[in-house]
*Asks:* 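Take this structure, written in structure tokens, and hold onto it; I'll ask about it next.
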Amino acid sequence: MAYWLFKTEPGEFAMSDLEAMAPAPECWSGVRNYQARNFLRDQVAADDRVFIYHSSCQRVGIAGIARVVRAGYPDPAQFAPQSPYYDAAASPQLPRWYAVDIVYQHSFRQLVPLAVLKASPALQELALVRRGSRLSVMPVAPAQWQAIVAMADGPSAN
DNA sequence: GCCAACGTTGGC
DNA sequence: GCCAACGTTGGC
């Protein structure tokens, strides 16, 4: 089992939306960056765990945990002309973009702010805190995962 | 709203 | 293949 971090703008789709849908899964759609696409297509697997990160909002940080229930498959949005994620160059025979399905697992009692992540010595190698990083799907090492969970729900977070 | 940093496009 | 121009991301 591997660990990941997915970015989302809560104005579009928030951790609370995922929680409200539970136990129904959500299609994680609309990733339009090749490096992130490659992770979704090639590496994200069923039963992997995912941090949900809120970006471009008042309180940026990690809001909770989801679980992957379906590995990468062609993102339906690329074939839907009405979708903002439509890609005229993609076809079902030659899909360009991929999605996964995730399901709600756990909302942190309090969001772990970006500033806290940046300040953690255990997270200096995490792509999220690297200067200028724009990657929206990224791997999280087990030690990084445990450090973040401890910050979220550990004694210091209470 | 600003702007730094990044990814993509397209002319050559 | 280079690289300037452009569009986007995303924190602040």
Side-chain angles (χ1 to χ4, degrees), chain A residues 2-21 26-44 48-66 68 72-102 104-141 143-145 147-153 156-157:
Chain A
Y3 299 110
W4 303 94
L5 182 145
F6 292 179
K7 286 184 190 172
T8 180
E9 297 186 16
E12 299 293 321
F13 189 84
M15 188 72 205
S16 57
D17 296 317
L18 190 64
E19 183 170 5
M21 291 177 61
E26 167 72 8
C27 171
W28 200 262
S29 171
V31 170
R32 294 293 179 270
N33 165 282
Y34 286 103
Q35 195 180 353
R37 186 279 309 267
N38 292 347
F39 284 130
L40 292 179
R41 187 189 59 190
D42 304 332
Q43 291 189 242
V44 177
D48 283 357
R49 303 303 149 97
V50 180
F51 283 135
I52 302 299
Y53 175 86
H54 285 175
S55 70
S56 298
C57 58
Q58 279 203 328
R59 293 169 62 244
V60 295
I62 298 175
I65 297 172
V68 178
Y73 61 97
D75 181 352
Q78 71 192 307
F79 309 129
Q82 324 87 309
S83 168
Y85 300 116
Y86 177 66
D87 185 342
S91 69
Q93 293 74 31
L94 256 174
R96 177 177 292 180
W97 307 110
Y98 283 73
V100 299
D101 288 352
I102 62 174
Y104 170 80
Q105 179 137 330
H106 175 68
S107 282
F108 292 150
R109 284 192 293 276
Q110 46 189 45
L111 170 139
V112 183
L114 177 60
V116 170
L117 300 172
K118 281 182 172 173
S120 167
L123 301 177
Q124 294 311 298
E125 301 303 314
L126 183 64
L128 182 78
V129 306
R130 306 301 285 268
R131 196 170 102 115
S133 171
R134 291 163 46 173
L135 194 57
S136 60
V137 172
M138 70 188 72
V140 177
Q144 295 169 334
W145 180 273
I148 292 167
V149 168
M151 283 186 274
D153 289 337
S156 63

*Asks:* Are any of the side-chain heavy atoms of A/Lys7 and A/Leu5 separated by less than 4.5 Å?
*Replies:* yes

*Asks:* Under 3.5 Å, which donor-acceptor pairs link side chains of residues 114-126 of chain A to any protein atom two or more places apart or in another chain?
*Replies:*
| unit_1 | atom_1 | unit_2 | atom_2 | d |
| --- | --- | --- | --- | --- |
| A/Ser120 | OG | A/Ala122 | N | 3.3 |
| A/Gln124 | NE2 | A/Lys118 | O | 3.1 |
| A/Gln124 | NE2 | A/Ser120 | O | 2.7 |
| A/Glu125 | OE1 | A/Arg130 | NH1 | 3.3 |

*Asks:* Tell me if the centroids of the rings in A/Trp4 and A/Phe39 come within less than 6.0 Å of each other.
*Replies:* yes

*Asks:* At under 4.0 Å between heavy atoms, how does the protein contact nucleotides 6-12 of chain C? Give one character per nucleotide, 5' to 3', with B, S or -.
*Replies:* -BBSBSS

*Asks:* Would a 4.5 Å heavy-atom cut-off, applied to side chains only, mark A/Phe108 and A/Ile65 as touching?
*Replies:* yes

*Asks:* Side-chain N or O of A/Arg131 less than 4.0 angstrom from OP1 or OP2 on B/dA4?
*Replies:* no

*Asks:* Between A/Asp75 and A/Arg32, is the closest basic N to carboxylate O distance under 4.0 Å?
*Replies:* yes

